[in-house]
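Computation of the quantities below employed the complete heavy-atom set of this structure, encompassing side-chain atoms and omitting hydrogens, waters and symmetry-equivalent molecules.
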Amino acid sequence: MDGSHGRAPVQAIGGQWIVDAYECDIESLQSVDRVCEFSREIVALLGLHILGTPQVHRFPYPHGVTSLYLLSESHLAVHTYPEHQHATINLVCCRPHVDVDFRRWVRDHFSAQVVDVQWIPRGTRSASPV
């Protein structure tokens with residue numbers, strides 16, 4: 001048995017990139033300009049479309065920046081933690097998976113020494129739901 005229980009196979013409806021960047025440059029993590037530049041470049045690279053005005057908040061020193069871009073294709077969230085030299089990026093997109101070199105982009109913008117990237121397809125059903 002294929003685990004579908006009589007249902008038609010479900011096609012992925014895009015996916016989610018989960019990115020953790022470690023040992024980043026503290027000043028870049030505290031920079032609204034740097035976070036917004038990173039976000040705009042990823043959106044442009046993938047040909048995504050921003051809806052409305054991105055929401056960006058700079059927390060008081062020594063903390064970082066949170067940005068949220070609502071996209072017609074879903075959303076992009078960036079959170080920086082200069083006090084931990086860490087950044088997290090989450091891009092949810094309804095398009096099929098495309099290769100994006102998040103490691104290079106994050107290293108270029110935040111001088112990250114280590115970048116972990118995960119791709120999770122969305123809209124598929126697991127044979128053994130939790």
Grab the two heavy atoms, one from P82 and one from Q30, that are nearest each other, plus how far apart they are.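 For P82 and Q30, the tightest heavy-atom pair comes out as CG-CG, 3.3 Å.
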
Which atom pair, heavy atoms only, marks the closest approach of T80 to G64?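 Reported closest heavy-atom pair: OG1-CA, 3.4 Å.
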
[X]: side-chain hydrogen bond (donor to acceptor under 3.5 Å, both in side chains) partners, not counting sequence neighbours:
X	answer
S67	none
N90	none
S39	none
Q16	R122

Going by side-chain heavy atoms closer than 4.5 Å, which hydrophobic residues are tied to [X], directly or by a chain of links?
X	value
I26	none
I18	I120
L70	L51

Any donor-acceptor N/O pair, [X] side chain to [Y] backbone, under 3.5 Å:
X	Y	result
H86	D20	no
Q85	Y22	no
S74	C93	no

What pairs of residues pass the salt bridge (charged side-chain N to carboxylate O under 4.0 Å, His left out) test when at least one of them lies in [range], not counting sequence neighbours?
range	value
residues 82-93	none
residues 55-64	none
residues 65-82	E73-R95

Let me see the working for Y69 and R40 under side chain to side chain contact (heavy atoms under 4.5 Å, CB included), right down to the final yes or no. CA-CA 9 Å; Y69 282 58; R40 285 190 306 268; 4.0 Å; yes

Using the rule that Ile, Leu, Val, Met, Phe, Trp and Tyr join whenever any side-chain heavy atoms are under 4.5 Å apart, tell me whether V56 and Y81 fall into a single cluster.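 No; Y81 is not reachable from V56 via cluster members.
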
Do you reckon I42 sits in the same ILVMFWY cluster as V19, going by side-chain contacts under 4.5 Å, direct or chained?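 Yes; V19 is reachable from I42 via cluster members.
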
Please walk me through it: do L48 and S72 pass side chain to side chain contact (heavy atoms under 4.5 Å, CB included)? CA-CA 7 Å; L48 305 175; S72 62; over 6 Å; no

Could you please spell out the steps behind the side chain to side chain contact (heavy atoms under 4.5 Å, CB included) verdict for V43 and I50? CA-CA 8 Å; V43 166; I50 299 170; 3.9 Å; yes

Hey, does [Y] have a side-chain heavy atom less than 4.5 Å from the side chain of [X]?
X	Y	value
V106	I89	yes
L45	V100	yes
V92	L76	no

With rounding to the nearest 0.5 Å, note down the distance linking [atom1] in [X] to [atom2] in [Y].
X	Y	atom1	atom2	answer
L68	H75	CG	NE2	7.0 Å
L91	L46	CG	CG	6.5 Å
F38	S28	CZ	OG	11.0 Å

For H57, what residues pass the ring pair (Phe, Tyr, Trp, His ring centres under 6.0 Å) criterion, not counting sequence neighbours?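 H57 satisfies ring pair (Phe, Tyr, Trp, His ring centres under 6.0 Å) with F59 once adjacent residues are dropped.
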
Would you be so kind as to tabulate the donor-acceptor pairs closer than 3.5 Å made by side chains of residues 108-117, with sequence neighbours excluded?
residue	atom	partner	partner atom	Å
D108	OD2	R104	NH1	3.3
H109	ND1	W105	O	3.0
H109	NE2	E41	OE1	3.2
Q113	NE2	S111	O	3.2

Test side chain to side chain contact (heavy atoms under 4.5 Å, CB included) on C94 and I13 and set out the steps. CA-CA 5 Å; C94 63; I13 54 171; 5.7 Å; no

